[in-house]
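What follows is a short report on a single structure.
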Number of protein chains: 2
Amino acid sequence: MSKNIFHILAVDDDDRIRDLVKQYLEENNFIVTTAQNAKDAKEKLEIIKFDIIILDIMMPGESGLMLTKEVKKNMNVPIILLTAKGETRNRVEGLEFGADDYLAKPFEPKELLLRIKNILNKVQKPILPEEIHIGSSVINLKKLNIKRKNETKKINPQEKKILEKMLKYPGKVFSRNDIGKIINIAKERTIDVVITRLRQKIEYDPKNPKYLQTIRGEGYVLWIE
Amino acid sequence: MSKNIFHILAVDDDDRIRDLVKQYLEENNFIVTTAQNAKDAKEKLEIIKFDIIILDIMMPGESGLMLTKEVKKNMNVPIILLTAKGETRNRVEGLEFGADDYLAKPFEPKELLLRIKNILNKVQKPILPEEIHIGSSVINLKKLNIKRKNETKKINPQEKKILEKMLKYPGKVFSRNDIGKIINIAKERTIDVVITRLRQKIEYDPKNPKYLQTIRGEGYVLWIE
DNA sequence: AATTTTTTTATGGAACCCATACCTTTTGAT
DNA sequence: ATCAAAAGGTATGGGTTCCATAAAAAAATT
């Protein structure tokens, strides 16, 4: 795994909690940035790429909820909500908006750390939806198939691995080297072949690929759109 | 609801957790009996009828797993497993043996309570309906038969066990190893054969299975829908 | 003992993986 | 604009692993 320093944004209007979180997490080798309110948080979100946001939902105004909503819509950074003490899972607003976990106040820092780690583990494998639509194809990585019209084609293990990776980063160019690492192949021509076959399964017109495209001299990209 | 006092058996070798669970659940009007190990638990199970067992899977020896297996075979009391912290649903061994839920350590007592209530609600209505429709087949696990058109085929004991488990987790991939544990078989080829015969009974076109599918290199899945 | 169920084994075949050869397209130098 | 070189596409084939299943033996039930 390439990255192992994580940057966390802690948003809370209560100084004590902000400081507590900051200190504890820094002791545990995270980089922590704090924000006092939603506005402050948004500004920082525009500048820095965070790995996790810890957000007190009970800040003045409905700003906590709104922020959750916005973040999930625009950038999809994992969010842990800090909630009032009575709240149970079913009650926590904000989970609807896509928050990843919650923690009722008062909490033990250790508990927070645990949830952070939990999420970071999941983040490795961002959760892909069961069905991914690409053009007129529907990719189902669990059922290992791709449907187009009435045809259903199977996805083999190699293809699965590649799709998983590329679907996680649509628009990112994968060099042959990158792909080689994913499926453990060295020869360039071989990788071409694998891509070709994938195209047969995804594209409407494999000769003029619309989604799984070649970037000459660089590699391949997958566009979902 | 006829019964409204429930008796819970908490099995854990860790005193602190045992006491925590006992105290918390008693505060919430359950009767709680504790056991330190599988042997202890089994003795108590012979004397008392419990409504739920809470079982630490990580006790010395594989005793936790074995206990799950035995309980499910002989008396089918709902079981909640306490698992190591990393475990995700797909990873938790023991669910194959029929455990009803699991909770990763460390857990909040409140969360445990929630799951207990959850299970007690379900217990009323048997988890699997009497008749399960799969494609044009109707599986009746009580009458031990499968009907298609005018044909009625018998389900044998092995097949029943497999169906019960797989029907509980449709879409979950069961490795041959998993299935082996369910019906107590080691040889892979043997399991193939069992699956093949199950297909004959479930599928419209057993050679092109639609519901009981092979995942090459991984195992088998059952899709209901 | 008869029947059903379970297990083993052997065999064929499917799916997969990798590489290569040959072809087409793109690029850039002239 | 032409042409050679570079880059990419793909049909094909062989090796390999993995799986399905028939057939029959063994075990368990009735």
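Below, chains carry the letters A, B, ... as their sequence lines are ordered, and counting in each starts from 1.
Electrostatic pairing of Glu159(B) and Lys201(B) counts as a salt bridge here, judged by a charged N lying under 4.0 Å from a carboxylate O. Classification of Glu151(B) and Lys147(B) as a salt-bridged pair fails, no side-chain N sitting under 4.0 Å from a carboxylate O.
Side-chain atoms of Lys160(A) and Leu144(A), non-hydrogen and from C-beta on, do get closer than 4.5 Å to each other. Side-chain contact check for Ile195(B) versus Leu212(B): some heavy-atom pair is nearer than 4.5 Å. Side-chain contact check for Ile134(B) versus Leu222(B): some heavy-atom pair is nearer than 4.5 Å.
Here the side chain of Thr190(B) is nearest to one of dT8(C), dG8(D), dA19(C), namely dT8(C).
One interatomic measurement links the two molecules: CG of Asn156(B) to C1' of dT29(D), which rounds to 12 Å at whole-angstrom precision. Regarding Ile215(A), its CD1 atom lies at a distance of 12 Å from the P atom of dT27(C), rounded to whole Å. Rounded to an integer number of Å, the gap from Arg189(A) CZ to dT12(D) C1' is 16 Å. In this structure, NZ of Lys207(B) is placed 7 Å from C1' of dT21(D), rounded to the nearest angstrom. Atom-to-atom, CG of Leu212(A) to C1' of dG8(D) comes out at 13 Å; the value is rounded to the nearest Å. What separates NZ of Lys154(B) from P of dT29(D) is a distance of 15 Å, to the nearest Å. With rounding to whole Å, Tyr220(B) atom OH is found 13 Å from dC18(D) atom P. Distance CD (Glu188(B)) to P (dT9(C)): 14 Å, rounded to an integer number of Å.
Using a 4.0 Å heavy-atom cutoff across all strands shown, Thr214(B) reaches sugar-phosphate atoms only and no base atom. Nucleic acid contact class of Ile185(A) (heavy atoms, under 4.0 Å, all strands): sugar-phosphate only.
A donor atom on one side chain and an acceptor atom on the other are not found under 3.5 Å apart for Tyr211(B) and Arg199(B). When only modelled atom types and interatomic distance are considered, Asp192(A) and Tyr220(A) share a side-chain donor-acceptor pair under 3.5 Å.
Judged by closest nucleotide on DNA chain C, Glu159(B) is the one of Glu159(B) and Pro157(A) placed further toward the 5' end.
The shortest distance between the side-chain N/O atoms of Gln158(A) and the OP1/OP2 oxygens of dA15(C) is not below 4.0 Å.
Of the residues in residues 192-204 of chain B, those lying under 4.0 Å from DNA chain D by heavy-atom distance are Asp192(B), Val193(B), Thr196(B), Arg199(B).
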